[in-house]
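Notes to accompany the following structure.
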Amino acid sequence: MTIGIIGAMEEEITNILNDMNVVAAKNVLGLDFHLGTLNNSSHNIVLVRSGIGKVNAALCTQVLIDLFAVDAVINVGVAGAIDKNIKIGDIVISTDAVQHDFDTSALGDEPGVISRMDTSVFPADAHLIEVAKKVVSDIGFPVYEGRIASGDQFVSDPAVKERIAKLFDPVCCEMEGAAIAHACYLNKIPFVIIRAISDNAAEGSDVNYERFFREAAVTAGRIIKNMIAEI
């Protein structure tokens, strides 16, 4: 089995890369894809930093599928909580993903609806969800399941968070997951999104993000390393 692992930023993949047995690397579209193994698992791993935003994430996912023939995709990183019960340092595992900034309402669609597609809500793989839940529980972090909302904006305004919460009812918000989910859905590739919470809905993101981002990224990497051993 070949598993693609995507992080948007360097901090989100560094701890995984440091523990990988890298046997090859290939640069495609300016992205460095690292091929190897992890935690003595028999699975092949392709680890890559996609860059920030939905277009980067979707392109990266398609390369993983087309050139590296991955059998599953795990997207790891950090996010801001929308659900007020979720605290900094908690872990969110996707049940599905939507794009909160997709808006063709002028044409009669609801916000978030992607015109002329059979769905705009992309469900994560049930088995990968269960593996992620087990790993997070074993490590001892609080874990939540729910919808992840993605958009090409860093959301720090409480009013914007409230709008996203009202329209889409997600547990957290970030900038890549739904694009990865969209690409996986069209290619019939199982996926899961895992997010460590770096800021919450109670305070502005600018207050917490710099302080907690690196710690959350390390946590997310630790979860991935343990997941590979369980899949």
Side-chain angles (χ1 to χ4, degrees), residues 1-20 22 24-39 41 43-79 91-94 96-99 122-125 127-129 131-132 135-136 148-152 172-196 198 213 216-228 231:
M1 184 177 188
T2 300
I3 302 170
I5 302 172
I6 303 174
M9 292 179 280
E10 199 68 35
E11 295 89 341
E12 294 169 345
I13 70 165
T14 296
N15 293 287
I16 304 169
L17 182 60
N18 288 342
D19 285 347
M20 274 186 68
V22 177
K26 185 176 181 65
N27 185 279
V28 183
L29 299 178
L31 305 176
D32 292 319
F33 293 80
H34 307 277
L35 291 69
T37 57
L38 185 64
N39 274 8
S41 170
H43 301 309
N44 297 313
I45 303 299
V46 185
L47 175 68
V48 60
R49 177 181 64 82
S50 67
I52 298 170
K54 293 191 301 176
V55 173
N56 284 328
L59 286 169
C60 178
T61 305
Q62 197 63 50
V63 171
L64 280 174
I65 294 166
D66 287 345
L67 297 188
F68 298 98
V70 296
D71 300 294
V73 172
I74 303 173
N75 175 218
V76 62
V78 300
I91 305 300
V92 169
I93 300 168
S94 65
D96 56 38
V98 298
Q99 298 178 49
F122 307 110
D125 179 74
H127 175 62
L128 293 176
I129 292 172
V131 172
V135 165
V136 175
I148 291 178
S150 306
D152 283 321
C172 69
C173 181
E174 38 81 290
M175 297 179 68
E176 294 84 26
I180 292 168
H182 189 158
C184 286
Y185 174 80
L186 292 177
N187 287 277
K188 298 180 172 57
I189 298 294
F191 76 91
V192 71
I193 305 163
I194 300 169
R195 290 289 183 265
S198 60
F213 166 68
V218 169
T219 296
R222 182 181 174 192
I223 292 166
I224 288 294
K225 288 183 282 189
N226 289 5
M227 274 190 73
I228 297 303
I231 293 174

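Along the sequence shown, residues are numbered consecutively beginning with 1. Only heavy atoms go into these numbers, but all of them, side chains included; no hydrogens, no water, no symmetry mates.
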Taking C-beta and beyond as the side chain, do V76 and I16 meet within less than 4.5 Å on heavy atoms?
-> yes
How far does SG of C60 sit from CG of L29, to the nearest 0.5 angstrom?
-> 9.0 Å
Quick one: closest heavy-atom pair of V73 and V70, and the distance?
-> CG2-CG2, 3.9 Å
With side chains defined as the heavy atoms from C-beta onward, is the minimum distance between V192 and I93 less than 4.5 Å?
-> yes
Might you point out which heavy atoms bring L35 and F68 nearest each other, and give the distance in Å?
-> CD1-CE2, 3.7 Å
Relative to the ring of F122, is the ring of Y185 parallel (under 30°), tilted (30 to 60°) or perpendicular (over 60°)?
-> tilted
List the steps and the verdict of side chain to side chain contact (heavy atoms under 4.5 Å, CB included) for D32 and R49.
-> CA-CA 7 Å; D32 292 319; R49 177 181 64 82; over 6 Å; no
When rounded to the nearest 0.5 angstrom, what distance separates OG1 in T61 from CG in N56?
-> 10.5 Å
Report yes or no: does D71 contribute a side-chain atom to a donor-acceptor pair with the main-chain N or O of M1 at less than 3.5 Å?
-> no
Is it true that a side-chain atom of D125 and a backbone atom of H127 form a donor plus acceptor pair closer than 3.5 Å?
-> yes
With rounding to the nearest 0.5 Å, note down the distance linking CD1 in I194 to CG in N75.
-> 8.5 Å
Does the side chain of N187 reach to within under 4.5 Å of the side chain of Q62, using non-hydrogen atoms?
-> yes
Just one of D19, N39, N18 clears the side-chain hydrogen bond (donor to acceptor under 3.5 Å, both in side chains) bar with K225, so which one?
-> D19
Check the side chains of S150 and Q99 for a donor-acceptor pair under 3.5 angstrom, ignoring hydrogens and angles.
-> no
Rounded to the nearest 0.5 Å, how far apart are CE of M227 and CD1 of I74?
-> 4.0 Å
To the nearest 0.5 Å, what is the distance between CD1 (I3) and OG1 (T37)?
-> 11.5 Å
Return the minimal non-hydrogen interatomic distance between S50 and L31, and the atom names on each side.
-> O-CD2, 3.6 Å
Can you check whether G53's main-chain N or O pairs, donor with acceptor, with E176's side chain at less than 3.5 Å?
-> yes
What one should report as the nearest heavy-atom pair of A97 and I193 is CB-CD1, 3.9 Å
